[in-house]
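Quick notes on the structure that follows.
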Amino acid sequence: MAQWSIVRPDSAPKPRRPRFFHDRGGNVALLFAFLSVPMLMLGGAAIDYGFATRLETKLQAATDATALLLCQTPLATPQADLNTLAVTTMTGAMGTANLVVDPLAITNNPRKITLTTHKLSTTFFGALTGTKRINPGAVAQCATPLPKTFEIALVLDNTGSMAESSGGQSKLKAVQSAAANFVDYVYTSAAFSSATKIAIVPFAGAVAVDPTAYRYASWIDLNGISSYHWTNIVQSPPAPFKSRFDVFAKLQAVNRAWGWAGCLETLSYPLNVQDGAPTASNKDSYYVPLLAPDEPGDASAQVAPFPVGSQNPTAYSYNSYLDDRTGGSCQNSNSYTTALGQACKYVNPTDAVSASPLGIPNGPNFGCTTQPLQRLTNNTSTLKTLISNMAPLGSTNIHEGFMWGWRTLSPNSVFADGQPYASSTNSSNASTINKVIILMTDGTNSWSANPYAPTGSLYFAAAYFKNANGTTPNPRMPPKYQNIADANTARSALDALTAEACSNAKGVNISIYTIGFSIPSDPIDAAGQTLLKNCASSADQYFLANTSDDLIKAFQTIQASIGALRLTQ
């Protein structure tokens with residue numbers, strides 16, 4: 001019997017949709033298949049181009065470095081040799097695989113060398129992207145500048161502390177090596193014209209000029225007219241001497257080493273921070289020959305007590321070279337100041353004694369310990385001979401060293417060797433002359449005190465703290481640095497003079513490099529380093545050398561900076 005079932009309308013089976021609309025799994029797979037190819041192409045291209053970019057950066061750096069190397073070769077280097085050097089250098093930097101170095105393009109006057117390189121690079125995803133190779137390239141053009149004319153003053157510390165050891169040699173030996181190499185570099189580098197000249201100024205407590213060449217120079221006080229001439233040799237009418245040179249002649253008659261050694265006292269302020277020449281209208285603008293007076297005592301080889309023969313001396317002298325007990329019309333006085341200034345003891349000097357109680361030879365040249373400076377010259381033999389003859393002895397007077405370095409470059413000062421400054425109205429000279437001072441010292445300004453004598457100090461380029469005629473260094477010092485009483489106030493005054501001199505030299509477009517040679521066993525203090533840092537024309541023109549190697553590197557950096565090559569693009 002048939003069985004029937006009643007199907008209500010709301011429960012009737014609904015028509016089924018095609019599976020195409022209901023199941024999406026196949027759709028995603030198909031879509032991914034469509035998109036995967038361009039995704040792989042883009043990813044592969046990114047990897048290939050990323051690699052090529054890194055390769056191009058490396059290639060450009062190597063090309064720049066090689067171009068600069070090429071421009072450091074002598075101007076006469078054949079083009080074939082330059083091409084060979086380019087290939088060799090680039091191969092060393094990039095390897096030989098797929099490296100292409102195009103023939104160099106070279107022009108002259110000035111010489112410009114254009115280097116073009118390529119690195120053929122096979123892509124990883126070339127089959128997919130269609131790009132089989134990406135070939136990075138690089139171009140660098142260097143220029144050997146037209147040779148420039150420089151006037152360079154090497155102002156070199158020759159003080160006693162330069163004898164100290166640094167790295168197995170004395171500090172002075174390191175300076176001599178660096179300075180000699182500097183001279184060689186200047187006269188072999190294409191950046192410097194053959195007209196470039198160098199001056200060398202060794203300095204300690206004072207600076208010397210050639211005593212033979214300048215004995216009768218018009219800018220020296222030959223007639224004793226400066227107010228500084230008779231400060232410590234006090235003459236009474238009738239005056240026995242016309243000038244200090246007459247005193248030197250008397251002293252040289254009893255000791256051949258006691259002729260004038262060429263040192264000069266500092267000028268009055270502000271002349272001593274400027275580069276002008278003496279003028280007839282200003283008697284104090286003439287340079288006074290440095291003559292250290294015989295200090296009261298018996299001219300013993302050691303520190304001389306005063307009064308002579310006293311069991312209870314009231315003073316001690318470090319530069320007594322004539323016996324003040326000499327009889328005749330010039331008797332010893334119980335007054336130290338009177339005995340110091342007596343001119344009569346030089347008329348017929350007797351009982352002269354050569355000694356070195358402080359390690360510095362006594363006598364009228366006490367404090368004059370360096371070789372004479374060398375004016376601007378391009379004679380390398382002359383320059384290197386002076387460098388080799390430098391010796392360490394004496395105290396430190398950075399101010400006088402710097403000023404004499406400036407005077408060697410000046411068109412206005414005593415030598416008048418320098419070409420016009422860059423600020424001169426003579427623009428034809430100003431555009432071709434570059435003036436540079438390189439100042440090297442291992443210490444700080446030092447004017448030694450002597451609290452055991454009324455003078456208050458040892459003799460110096462600015463004489464004594466208190467001179468025999470009662471004068472002081474005040475007229476030679478900046479207004480804020482008067483009444484020097486001890487070594488500290490003396491240093492402050494000398495530092496102020498040095499700083500002002502540096503500022504004035506920079507004001508006429510002299511480029512200043514400074515080097516502080518500060519070894520751990522004999523460091524330059526913070527104030528000394530600051531003085532040198534501020535003296536330099538810029539922060540990167542100041543160097544602090546802690547070893548001999550550092551010093552030599554500083555000179556190398558300076559010489560490269562002065563004659564620097566450049567990339568033109």
Side-chain angles (χ1 to χ4, degrees), residues 152-186 198 200-207 356 358-360 367 369-371 373-374 383-402 405 436-446 448 491 494-495 498 512-536 539-562:
I152 304 170
L154 297 179
V155 180
L156 305 176
D157 191 327
N158 278 209
T159 55
S161 57
M162 291 295 292
E164 294 194 21
S165 177
S166 173
Q169 61 181 326
S170 71
K171 290 190 284 185
L172 185 63
K173 286 293 184 185
V175 171
Q176 288 172 314
S177 175
N181 290 340
F182 180 89
V183 171
D184 286 337
Y185 179 88
V186 167
I198 296 175
I200 297 178
V201 179
F203 74 91
V207 173
S356 300
L358 293 176
I360 301 174
T369 59
T370 65
Q371 292 287 310
L373 64 79
Q374 172 57 52
L383 293 168
K384 294 171 79 171
T385 296
L386 173 54
I387 291 170
S388 65
N389 287 340
M390 294 191 307
L393 188 63
S395 59
T396 307
N397 191 343
I398 300 171
H399 165 243
E400 280 298 298
F402 182 87
V436 177
I437 292 176
I438 302 174
L439 168 66
M440 188 288 305
T441 183
D442 76 328
T444 58
N445 281 309
S446 177
S448 298
R491 175 186 172 181
L494 294 172
D495 282 357
T498 305
I512 303 172
Y513 293 82
T514 59
I515 306 172
F517 198 175
S518 178
I519 65 174
S521 61
D522 186 25
I524 300 175
D525 64 20
Q529 293 181 31
T530 298
L531 178 68
L532 295 175
K533 187 181 300 183
N534 292 340
C535 181
D540 61 355
Q541 291 182 214
Y542 161 70
F543 301 84
L544 187 65
N546 299 125
T547 67
S548 292
D549 287 343
D550 289 345
L551 178 85
I552 292 171
K553 289 177 183 177
F555 269 92
Q556 291 171 341
T557 301
I558 292 170
Q559 67 196 29
S561 171
I562 294 173

Who passes side-chain contact (heavy atoms from CB on, under 4.5 Å) against Ile360, sequence neighbours left out?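 So Ile360 forms a side-chain contact (heavy atoms from CB on, under 4.5 Å) with Phe366, Thr369, Leu393.
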Would you say the side chain of [Y] lies within less than 4.5 Å of the side chain of [X], judging by non-hydrogen atoms?
X: Phe203; Y: Leu156; answer: no
X: Ser548; Y: Gln169; answer: yes
X: Ser521; Y: Glu164; answer: yes

What distance do [X] atom [atom1] and [Y] atom [atom2] have between them, rounded to the nearest 0.5 Å?
X: Asp540; Y: Thr557; atom1: CG; atom2: OG1; result: 10.5 Å
X: Cys535; Y: Leu439; atom1: SG; atom2: CG; result: 6.0 Å
X: Tyr542; Y: Thr530; atom1: OH; atom2: OG1; result: 7.5 Å
X: Asp442; Y: Leu172; atom1: CG; atom2: CG; result: 9.5 Å
X: Leu154; Y: Leu383; atom1: CG; atom2: CG; result: 8.0 Å
X: Ile152; Y: Ile438; atom1: CD1; atom2: CD1; result: 6.0 Å

Nearest heavy-atom pair of [X] and [Y]: which atoms, and what distance?
X: Ile515; Y: Ala554; answer: CD1-CB, 4.2 Å
X: Ser161; Y: Asp522; answer: CB-OD2, 3.6 Å
X: Ile437; Y: Gly405; answer: CD1-C, 4.3 Å
X: Thr441; Y: Gly443; answer: OG1-N, 3.2 Å
X: Ile519; Y: Ser165; answer: CD1-O, 3.5 Å
X: Ser561; Y: Tyr513; answer: OG-OH, 3.1 Å

Partners meeting side chain to side chain donor-acceptor pair (under 3.5 Å) with [X] (sequence neighbours left out):
X: Thr514; value: none
X: Asn445; value: Asp495, Thr498
X: Thr444; value: none
X: Thr547; value: Asp550

Go through the steps to decide whether Phe543 and Ile558 satisfy the test side chain to side chain contact (heavy atoms under 4.5 Å, CB included), and finish with yes or no. CA-CA 9 Å; Phe543 301 84; Ile558 292 170; 3.4 Å; yes
Under 3.5 Å, side chain of Gln371 to main-chain N/O of Ala391, donor-acceptor pair present?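 The answer is no, because no donor-acceptor pair under 3.5 Å joins these two groups.
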When you measure from the side chain of Gln541 to the backbone of Ala536, do you find a donor-acceptor pair of N or O atoms at a distance under 3.5 Å?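 The answer is no, because no donor-acceptor pair under 3.5 Å joins these two groups.
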Determine, stepwise, if the pair Ile512 / Phe402 fulfils side chain to side chain contact (heavy atoms under 4.5 Å, CB included). CA-CA 10 Å; Ile512 303 172; Phe402 182 87; 3.7 Å; yes
Full working for side chain to side chain contact (heavy atoms under 4.5 Å, CB included) between Asn546 and Ser518: CA-CA 5 Å; Asn546 299 125; Ser518 178; 4.3 Å; yes
Give every donor-acceptor pair under 3.5 Å between a side-chain atom in residues 176-186 and any protein atom, sequence neighbours left out.
from   : atom 1 : to     : atom 2 : distance (Å)
Gln176 : NE2    : Ile387 : O      : 2.8
Gln176 : NE2    : Ser388 : O      : 3.4
Gln176 : NE2    : Met390 : O      : 3.3
Asn181 : ND2    : Ser177 : O      : 3.2
Asp184 : OD1    : Lys384 : NZ     : 2.9
Asp184 : OD2    : Lys384 : NZ     : 3.2

Would you say the side-chain atoms of Asn158 and Thr370 include a donor-acceptor pair closer than 3.5 Å? no
